[in-house]
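A short worksheet on the structure shown next.
Reckoned from all heavy atoms, side chains included, excluding hydrogens, waters and symmetry mates. Predicted, not measured: the structure shown is a model, and the values here were computed from it.
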Amino acid sequence: MSEQSLKFISGNSCRLSQNSIYPTGKTGFGEIVYVTEGVLHICEEWYEYTVEAGKILLLDSNKRHYGSRDLKSDAAFYRIVFSGNHGMPQLAGSAEKIFSPSHPDRINSITSMMTLYSSMPEYPAEMTNSLLVMLFVELFVHGIERDDSHTSHLCGRICDIIVSRGGAVRASEVAAEIGYSADYITRVFRGFYSRGLKAYIDDVRILAIKNMISGGFDIKEIAAQAGFSSVRAMRDFFRYNTDESIGDYINDTLS
C-alpha cells in the first residue's frame, strides 16, 4: 500500500431517514462507507450492495456510486471520500466488497477522529491524510472478515454473470451456468437483496443500452448486442422500463 498516494477529500458522520436514498458519489473519488445503524442500498455501476450495520463497503474511484433503493428505516453511517491508490485488491462481484472489521472499536475511533478533524480548519490536512492511511492499515494489515456464506458467494456469481452479459441473459441461463435451478437462484437472490432477479437483469440491460448509446453505437448494433430480436423489441423494452422512448433518450444524451 502506497501511503503517499492516498489523500483525504472529505468525511462525514451521516444520517438518512426512512424513505431516503444514498446520495450519488463524486466522479473520480473512492469511498469508504461504514454503516453503524440500519441498512444501506448502494450501487457501483451495475452492482448493488446491501450494507448492514457493522459492515464496511469499499467503493472504487473509477466507477459511479449511487443509492439504488429507498431506505426501509433510518440509517447512520460514516462516509469517507478519498483519492489515490489504496493498494487493496480490486474486488469484483457484489458479495466480495462488503467487509466486517475485525476490530470495530478501532474503526469507530479512526473514522470519528477523521470526521472531527476534517471539520476543524486549524488542524492541518496531513492529520486527516494520516488517519486515512491508518484506516487502510487497520483493514489491510489487521484484517477484515469477509462474508463467506454460501448465499453471499452464490449471489456474487449471479451478479457477475448478468453484468458480464450486459443483462442479455435469462434467469434459466444463469442457473444452468452455475448448476442450480432457475427457481432456486431466484428465491436466493430475492432473499439476499430483497428484490427480484428479473428486475435486476432488466436494470443491467437498460444500463448497458444507455452506455452503448453514449458510446455512439448504431441503434441496430445496440439491439443486437443487447440480445433483442429487433430494434422494435428493444424500443418497447426501453419504454416499458424507463417510461421514456429510446429516441427521446438518444436526443437528450447526444444533444
Side-chain angles (χ1 to χ4, degrees), residues 19-28 31 40-51 57 59-60 62-72 92-97 154-178 182 185-255:
N19 297 322
S20 298
I21 192 167
Y22 185 83
T24 300
K26 299 178 180 178
T27 303
E31 293 184 45
L40 294 180
H41 303 285
I42 304 173
C43 278
E44 182 177 74
E45 296 294 354
W46 296 338
Y47 288 105
E48 180 180 19
Y49 304 91
T50 298
V51 194
L57 174 63
L59 297 168
D60 295 332
N62 59 340
K63 297 176 182 176
R64 293 190 308 125
H65 316 145
Y66 54 95
S68 57
R69 281 183 283 165
D70 294 346
L71 303 182
K72 294 183 178 179
S94 187
E96 297 182 350
K97 295 184 68 175
L154 178 59
C155 287
R157 291 181 64 193
I158 292 170
C159 290
D160 285 341
I161 293 169
I162 294 168
V163 171
S164 69
R165 307 277 183 86
V169 62
R170 294 184 176 90
S172 58
E173 294 171 329
V174 177
E177 185 163 335
I178 59 180
I185 68 166
T186 299
R187 290 198 308 272
V188 169
F189 192 91
R190 179 176 291 279
F192 192 73
Y193 290 117
S194 299
R195 68 179 307 194
L197 179 57
K198 184 181 184 304
Y200 177 73
I201 291 173
D202 288 348
D203 287 347
V204 171
R205 204 175 192 187
I206 287 293
L207 187 54
I209 293 170
K210 289 181 176 180
N211 286 341
M212 284 188 279
I213 290 172
S214 299
F217 285 75
D218 177 78
I219 191 70
K220 291 183 179 179
E221 186 176 0
I222 295 174
Q225 290 201 25
F228 292 97
S229 59
S230 65
V231 172
R232 175 63 181 273
M234 181 177 69
R235 291 183 186 277
D236 291 344
F237 172 84
F238 192 92
R239 181 182 287 276
Y240 179 82
N241 284 278
T242 66
D243 292 325
E244 180 183 20
S245 73
I246 198 167
D248 288 344
Y249 180 81
I250 291 172
N251 291 333
D252 292 342
T253 302
L254 302 182
S255 61

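Interatomic distance, I162 CD1 to F189 CZ, rounded to the nearest 0.5 Å: 5.5 Å. Once rounded to the nearest 0.5 Å, the distance linking OH of Y200 with OG1 of T186 reads 14.0 Å. From D243, atom CG reaches atom CZ of F238 across 10.5 Å, with rounding to the nearest 0.5 Å. Atom CZ of R205 sits about 12.5 Å away from atom CZ of R165, to the nearest 0.5 Å. Taking CD1 from I201 and CD1 from I206, the interatomic distance works out to 13.0 Å, rounded to the nearest 0.5 Å. Atom CD1 of I250 is separated from atom NZ of K210 by 12.0 Å, given to the nearest 0.5 angstrom.
Between A208 and G166 the shortest heavy-atom distance is CB-O, 3.5 Å. Across K63 and E45, no two heavy atoms sit closer than the pair CA-OE2, 3.5 Å. What you find for A171 and I185 is that their closest heavy atoms are O-CD1, 3.6 Å. Shortest non-hydrogen contact noted between E177 and R157 is O-NH2, 4.4 Å. Among all heavy-atom pairs drawn from D60 and H65, the shortest one is O-NE2, 2.6 Å. Nearest heavy atoms, S172 versus A182: CA-CB, 4.0 Å.
With a 4.5 Å cut-off on side-chain heavy atoms, I246 and V231 do not count as touching. Between L57 and E44 the shortest side-chain heavy-atom distance does not fall below 4.5 Å.
In summary, of the residues considered (V174, D202, I158), a side chain to side chain contact (heavy atoms under 4.5 Å, CB included) with L197 occurs for I158 alone.
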Can Y249 and T242 be said to form a side chain to side chain contact (heavy atoms under 4.5 Å, CB included), step by step?
CA-CA 10 Å; Y249 180 81; T242 66; over 6 Å; no

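Y240 places no side-chain N or O within 3.5 Å of a backbone atom of R235 that could act as its donor or acceptor partner.
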